[in-house]
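Here is how names work: the chains are called A, B, and so on, in the same order as the sequence lines, proteins then strands, and each is numbered from 1.
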Amino acid sequence: MRLIVPLRGVIQGRGGLFVGSLIPCCLFYFLQLYLKGRRPPPSDPTELPRTSSRSNLFSRGNSIGRVRVSSRAVPVAKPPDSPYYIGLERVKTDPYDRITNTDGIIQLGLAESTLCFDLLQRWMSENLMESIMQSGDGEFDISSIAMYKPFEGLLELRVAFADFMSRIMGGKVSFDPSKMVITAGGTPAIEVLAFCLADHGNAFLIPTPYYPGFERDIKFRTGVELIPVHCRSSDNFTVTVSALEQAFNQARKRGSKVSGILFSNPSNPVGNILSRETLHDILKFAQEKNIHVIYDEIFAGSVYGEKEFVSMAEIADSGDVDKSRVHIIYALSKDLSIPGFRAGVIYSFHEDVVSAAKKLMRFSSVSVPVQRILISLLSDVRFIEEYMTAHRQRIRDKHVRFVEGLKQLGIPCAESGGGLYCWVDMSSLLTSYSEKGELELFEKLLTVAKINATPGTACFCIEPGWFRCCFTALADEDIPVIMDRIRQLAESIRS
Amino acid sequence: MTLTGIYRSRRSGTPDSETSSGGGGTAVMRVIVPLQGVVQGHGGLVLGSVIPCAFFYFLQFYLKRNRTDDPEPEPDPAIQNSASSTNNNSGSSSPSQSELNGLARSLSRVIISPRSSGAHVSVSGRANCILKGGDSPGLRRVEEDSYDESGNPDGIIELGLVQNKLSLDVIKDWVSQTSVGLSSSGIASYEPPDGLMELKMGVTRLMSEATKNAVTFDPTQLVLTSGAASAIEILSFCLADSGNAFLVPTPCSPGFDVDVKWRNGLEIIHVPCRSSDNFNISVTALDRSFSQAKKRGVRIRGVIISNPSNPMGSLLTRENLYALLDFTREKNIHIISNEIFASSVHGDEEEAEFVSIAEIADTEENLDKERVHIVYDLSKDLSFPGLRAGAIYSFNENVLAASRKLTAFSPVSSPSQHLLISAISKPEFIQTYIKTNRQRLQRIYSEFVKGLKGLGIECMRSNGGLFCWADMRGLISSYSEKGEIELWNKFLNIGKINVTPGSCCHCIEPGWFRFCFSNLSDKDVLVVMNRIRKVCKSQD
């Protein structure tokens with residue numbers, strides 16, 4: 001009559017340690033299982049304020065409880081804590097106006113360009129309605145814009161888009177419309193790509209400093225993590241393969257699966273442009289690790305420096321590389337200054353990504369009338385040429401003025417060649433060389449100098465004291481005002 | 001035996017049975033060994049059990065952290081079935097179940113092969129799931145070979161896509177008149193993605209109009225999205241966590257599968273309604289499904305209904321809505337009411353009354369409104385689906401706050417917003433449009449139903465929506481899904497019309513089909529009837 005009693009086996013000395021441990025473990029396992037089955041799904045402790053949980057108890061009696069939203073919606077619903085969004089919100093409450101509100105906050109936080117609005121205005125007033133109503137053969141056919149059309153964009157638009165992209169990239173590379181999916185702006189484009197390339201809990205490597213919006217675009221719904229690869233001012237914030245390698249290995253050690261690398265080129269917020277060699281190296285690295293590369297080339301047409309912009313599409317087309325890992329995001333919001341149109345594109349060399357993205361476009365497609373406008377805008381070659389020349393020229397001028405102004409105050413900027421912003425080193429104004437010091441300066445800029453610039457912390461820069469200032473929404477006469485305000489702040493800090 | 005065993009072990013653990021203590025002398029060097037305590041007789045049972053348990057717990061913990069990623073959940077067989085069954089249209093007129101399975105299997109093999117080759121980089125598991133589903137081959141066939149009275153009289157007539165072509169002339173007039181408003185305003189710059197206040201006010205007026213001004217909607221509770229699909233996606237994201245489920249009475253709109261499941265990782269539990277009840281939603285059935293799901297450990301977060309219902313086109317009564325709201329209150333869950341056809345009601349003025357759930361919610365206490373959410377499709381109701389403008393109307397502050405941010409992923413562009421403002425800010429346009437549209441819907445509906453009746457096919461009585469729900473049980477060769485798909489294939493290949501089979505709407509009774517008649521002109525109705533007759537004959 002051998003009974004298996006936990007623990008007794010030990011006393012008797014045969015195999016008891018094993019059985020004696022196994023049985024409690026089993027019991028414990030089943031206990032866990034039982035508890036799990038009965039437990040309501042995990043709820044975020046911050047979700048229910050204490051008061052409402054009390055009301056929950058009260059109303060149980062009447063069988064009415066307060067209904068809850070999902071725990072993943074809670075962080076989305078919360079007011080943002082990134083200084084990037086805080087700054088944007090603050091400007092809305094008291095925006096600067098040259099005439100009516102001279103004490104308002106000047107916006108340097110939003111990357112938008114108003115430099116060529118005159119040109120756009122002219123085109124729109126001449127062509128806008130005509131382009132909506134024109135449908136090839138003269139007679140206005142309402143069903144050509146009113147009815148359902150393929151969500152990935154009309155073929156005509158994709159052809160026009162491809163043409164436009166290769167035009168602004170200097171004609172060195174041609175884009176294939178069949179690899180293109182038109183999206184409602186850059187934001188859905190990046191989200192859809194993240195969704196298609198990585199599963200929940202996977203990660204992307206991303207060189208810092210990076211665009212603060214990526215946090216929202218990628219993390220809100222896709223559950224993909226971003227692993228920062230820190231770049232330093234000593235390299236002018238250019239990423240190196242060894243840093244990528246290191247970050248990749250560390251991530252692997254921690255057990256997270258890296259699915260890809262995400263880059264901005266021209267980089268946002270620094271504005272530097274990756275060289276052909278760097279692009280090659282990165283692609284080689286990706287190939288070695290068998291991961292994807294996503295290139296955000298949203299500022300490709302806003303290049304004003306000496307350095308040549310090279311699209312990843314060109315690199316992918318050139319050599320004997322496996323192209324299918326290369327994905328490019330582009331949008332018209334910055335280069336054509338029409339963010340309100342919400343038009344972007346996913347350009348992918350991976351067939352599956354293209355077809356999955358096409359299907360997902362049911363959630364973020366561009367409306368057909370807007371597609372019609374874009375078709376005639378993008379295929380108006382004369383206008384595009386005129387616009388692009390003016391756009392580049394005007395950014396260059398504004399950049400020179402802005403950087404010169406800062407230089408006179410003793411504030412240097414990082415070297416940059418593209419984008420609608422510059423990356424300003426205000427570390428000399430910090431009271432303490434730390435993140436705290438930087439946020440203090442951000443607050444002072446907002447409240448004392450009345451300027452909203454995006455602090456490096458929001459861009460996950462590890463060196464404190466850097467700020468992103470977007471200068472393309474400024475008029476020439478605004479620049480002295482800004483410089484004055486910064487000078488006063490600097491004097492009050494330094495004294 | 002076992003009982004005594006446990007009894008003994010208990011006894012050996014209790015302090016008062018400390019008779020066998022032998023190792024008391026080693027107190028100087030007390031090492032806590034699992035099980036040793038028992039031998040020594042003090043508190044050993046506890047330590048001896050707790051320590052292995054703790055080790056086991058940490059082992060589990062460690063394993064969990066090291067697990068790279070969860071295996072992809074198997075795609076729901078229902079979606080696969082409907083997707084793949086509709087896939088099998090060309091060539092084979094009798095797709096068998098085994099073929100369907102074969103299809104699914106070969107796909108999953110495709111996924112494995114690129115991984116093994118190494119050089120190829122693979123897409124995410126969830127993207128693979130999307131690649132498999134959601135195709136509508138019927139629509140593709142229509143695109144390739146679409147009917148045109150003069151150009152392509154043998155082409156396929158579209159009766160599957162829900163769009164309204166009846167009042168396009170009114171829309172055309174409006175668009176040609178808007179020339180000025182658009183270009184002068186600042187349509188190029190950043191504007192709130194959840195919609196301009198001006199537009200929201202217009203939309204709420206339009207929604208009130210649909211309820212004959214029985215309800216006033218508050219524009220601050222409205223969030224605009226690019227179409228109803230994204231509205232449903234955003235709402236279900238906000239209301240339920242991955243792995244949770246929604247109850248959906250069937251037959252339901254085929255789009256729910258995609259909108260709720262694809263990116264949100266949610267489940268849909270279908271609650272079948274039957275033709276014997278006129279496909280009315282029964283709260284008892286909902287209750288049963290709720291309890292069953294609970295038993296399986298699935299958490300239900302809400303009910304999704306369509307009113308006017310899709311595909312039946314019937315309107316929910318006040319009593320229905322009260323019962324539903326009571327049910328959701330009792331279970332403390334949400335309710336999403338899909339009111340995208342609110343202005344497309346075409347029944348008799350007296351009989352067909354559209355009641356929005358907002359009206360019912362308004363009579364309730366504040367606390368209770370928070371569970372009510374409405375999806376509206378502005379562009380669909382205006383016969384302008386190409387404009388892609390939908391809306392979420394909710395009484396829940398948290399849902400609104402989260403949705404506003406999520407519209408960054410599904411925005412309505414500024415030109416579209418201004419185009420819409422120019423239309424709905426003119427009350428006379430809205431009134432003319434709604435009146436004309438209603439009359440034309442009414443006429444084409446009665447024509448169509450009469451035509452079907454002439455062929456011996458009965459339809460469900462419907463008062464709203466752009467479609468009718470036809471009972472073709474008499475025409476299918478075998479009373480099963482297979483028979484239904486066979487008939488569908490015949491419609492497409494012999495009759496050259498694309499319709500929606502009931503199985504796509506998750507109807508459990510085979511033989512029902514949805515015909516979207518608002519795609520047709522009066523002349524087309526005759527053509528369609530002739531083609532259906534042809535199919536009927538071939539079936540005999």
Checklist entry - With a 4.5 angstrom heavy-atom cut-off, which part of A:Leu336 approaches chain B: side chain, backbone, both or neither? => result neither
Next on the checklist: Looking at every heavy atom in both A:Met147 and B:Asn164, which two are closest together, and how far apart are they?
Outcome noted: CE-O, 3.3 Å
Checklist entry - So A:Phe363 and B:Asp259, side chain to side chain contact (heavy atoms under 4.5 Å, CB included) or not? Walk me through it. => result CA-CA 8 Å; A:Phe363 304 115; B:Asp259 302 341; 3.5 Å; yes
Item to check | Which of A:Ser113, A:Ala184, A:Pro369 touches chain B most, by non-hydrogen pairs under 4.5 Å | outcome: A:Pro369
Item to check | Spacing of A:Arg68 atom CZ and B:Asn396 atom CG [to the nearest 0.5 Å] | outcome: 12.5 Å
Checklist entry - When rounded to the nearest 0.5 angstrom, what is the spacing between CD1 in A:Ile142 and NZ in B:Lys165? => result 12.5 Å
Checklist outcome for this item: Smallest heavy-atom separation, A:Val192 atom then B:Arg263 atom, equals CG2-NH1, 3.8 Å
Checklist entry - Rounded to the nearest 0.5 Å, how far does CZ of B:Phe409 lie from CG of A:Asp217? => result 5.0 Å
Checklist entry - Under a 4.5 Å heavy-atom cut-off, does chain A meet the side chain of B:Leu161, its backbone, both or neither? => result side chain
Checklist outcome for this item: In terms of heavy-atom contacts, A:Asp322 and B:Val121 come closest through OD2-N, 4.2 Å
Checklist entry - What part of B:Ser379 lies closer than 4.5 angstrom to a heavy atom of chain A: side chain, backbone, both or neither? => result neither
Checklist entry - Is the backbone N or O of B:Leu131 less than 3.5 Å from a side-chain atom of A:Lys359, with the two atoms forming a donor-acceptor pair by type? => result yes
Next on the checklist: Please find the pair of heavy atoms, one from B:Pro415 and one from A:Ile373, that lie closest to each other, and give the distance.
Outcome noted: CB-CD1, 4.4 Å
Checklist entry - In terms of heavy-atom proximity below 4.5 Å to chain A, should B:Ala408 be classed as side chain, backbone, both, or neither? => result both
Checklist entry - What part of A:Asn127 gets closer than 4.5 Å to chain B, counting heavy atoms only: side chain, backbone, both or neither? => result neither
Next on the checklist: Given heavy-atom pairs under 4.5 angstrom as the criterion, report whether the side chain, backbone, both or neither of B:Lys380 touches chain A.
Outcome noted: side chain
Checklist outcome for this item: Comparing B:Gly227, B:Pro193, B:Ser236 against chain A, the one with the most heavy-atom pairs below 4.5 Å turns out to be B:Pro193
Checklist entry - Relative to chain A, which of B:Ser226, B:Ser410, B:Pro385, B:Ala401 shows the most heavy atom pairs under 4.5 Å? => result B:Pro385
Checklist entry - Top residue by heavy-atom pair count (under 4.5 Å) with chain B, among A:Pro339, A:Ala198, A:Ala286, A:Ala73? => result A:Pro339
Item to check | Toward chain A, the part of B:Leu266 with a non-hydrogen atom under 4.5 Å | outcome: side chain
Checklist entry - Short question: side chain of A:Asp199, backbone of B:Arg126 - any donor-acceptor pair under 3.5 Å? => result yes
Next on the checklist: Looking at every heavy atom in both B:Trp262 and A:Leu360, which two are closest together, and how far apart are they?
Outcome noted: CE3-CD2, 3.8 Å
Checklist entry - Which residue out of B:Ile333, B:Asn264, B:Leu382, B:Asp169 racks up the most heavy-atom pairs below 4.5 Å with chain A? => result B:Asn264
Item to check | Main-chain N/O of A:Val76 paired to B:Lys405 side chain as donor or acceptor, under 3.5 Å | outcome: yes
Checklist entry - Yes or no on side chain to side chain contact (heavy atoms under 4.5 Å, CB included) for A:Val370 and B:Ser416, after CA distance, side-chain angles and deciding distance? => result CA-CA 7 Å; A:Val370 173; B:Ser416 310; 3.6 Å; yes
Checklist outcome for this item: Whatever's closer than 4.5 Å to a heavy atom in chain A on B:Val162 counts as backbone
Next on the checklist: Can a donor-acceptor pair be found, under 3.5 Å and without considering hydrogens, that links the side chain of A:Ser367 to the backbone of B:Arg388?
Outcome noted: no
Item to check | Distance in Å, A:Ser143 OG paired with B:Asn519 CG, rounded so as to fall on 0.5 Å steps | outcome: 11.0 Å
Checklist entry - Highest number of heavy-atom pairs under 4.5 Å with chain A: which of B:Gly302, B:Ala127, B:Gly386, B:Ala229? => result B:Gly386
Checklist entry - With only heavy atoms counted, which part of A:Thr114 is less than 4.5 Å from chain B, the side chain, the backbone, both or neither? => result neither
Next on the checklist: Can a donor-acceptor pair be found, under 3.5 Å and without considering hydrogens, that links the side chain of A:Ser70 to the backbone of B:Cys238?
Outcome noted: yes
Item to check | Flag, side chain of B:Gln163 to backbone of A:Tyr148, donor-acceptor distance under 3.5 Å | outcome: yes
Item to check | Per-residue contact mode, A:Tyr85 against chain B (heavy atom under 4.5 angstrom) | outcome: neither
Checklist entry - Is B:Ser230 reaching over with its side chain to a backbone N or O of A:Arg362, donor-acceptor style, under 3.5 angstrom? => result no
Checklist entry - Rounded to the nearest 0.5 Å, how far apart are CD1 of A:Ile291 and OG of B:Ser122? => result 12.0 Å
Next on the checklist: For B:Pro411 versus A:Arg342, what's the shortest heavy-atom pair and its separation?
Outcome noted: CG-CD, 3.1 Å
Next on the checklist: Counting only non-hydrogen atoms closer than 4.5 Å, does A:Ser259 touch chain B with its backbone (N, CA, C, O), its side chain (CB onward), both, or neither?
Outcome noted: neither
Checklist outcome for this item: When the 4.5 angstrom heavy-atom criterion is applied to B:Arg404 and chain A, the contacting part is neither
Next on the checklist: Please identify, among B:Ser242, B:Gly390, B:Ala231, B:Ala389, the residue contributing the most non-hydrogen atom pairs under 4.5 Å to chain A.
Outcome noted: B:Ser242
Checklist entry - Donor-acceptor pair, B:Ser124 side chain versus A:Cys196 backbone, under 3.5 Å? => result yes
Checklist entry - Top residue by heavy-atom pair count (under 4.5 Å) with chain B, among A:His350, A:Glu112, A:Arg221? => result A:Arg221
Next on the checklist: Can you tell me which portion of A:Ala194 sits under 4.5 Å from chain B's heavy atoms? Options are side chain, backbone, both or neither.
Outcome noted: backbone
Item to check | Flag, side chain of B:Asp241 to backbone of A:Arg72, donor-acceptor distance under 3.5 Å | outcome: yes
Checklist entry - Using non-hydrogen atoms only, which part of A:Val353 is less than 4.5 Å away from chain B: side chain, backbone, both, or neither? => result both
Checklist entry - Which atoms of A:Pro80 come close to chain B, meaning under 4.5 Å heavy atom to heavy atom: side chain ones, backbone ones, both, or neither? => result both
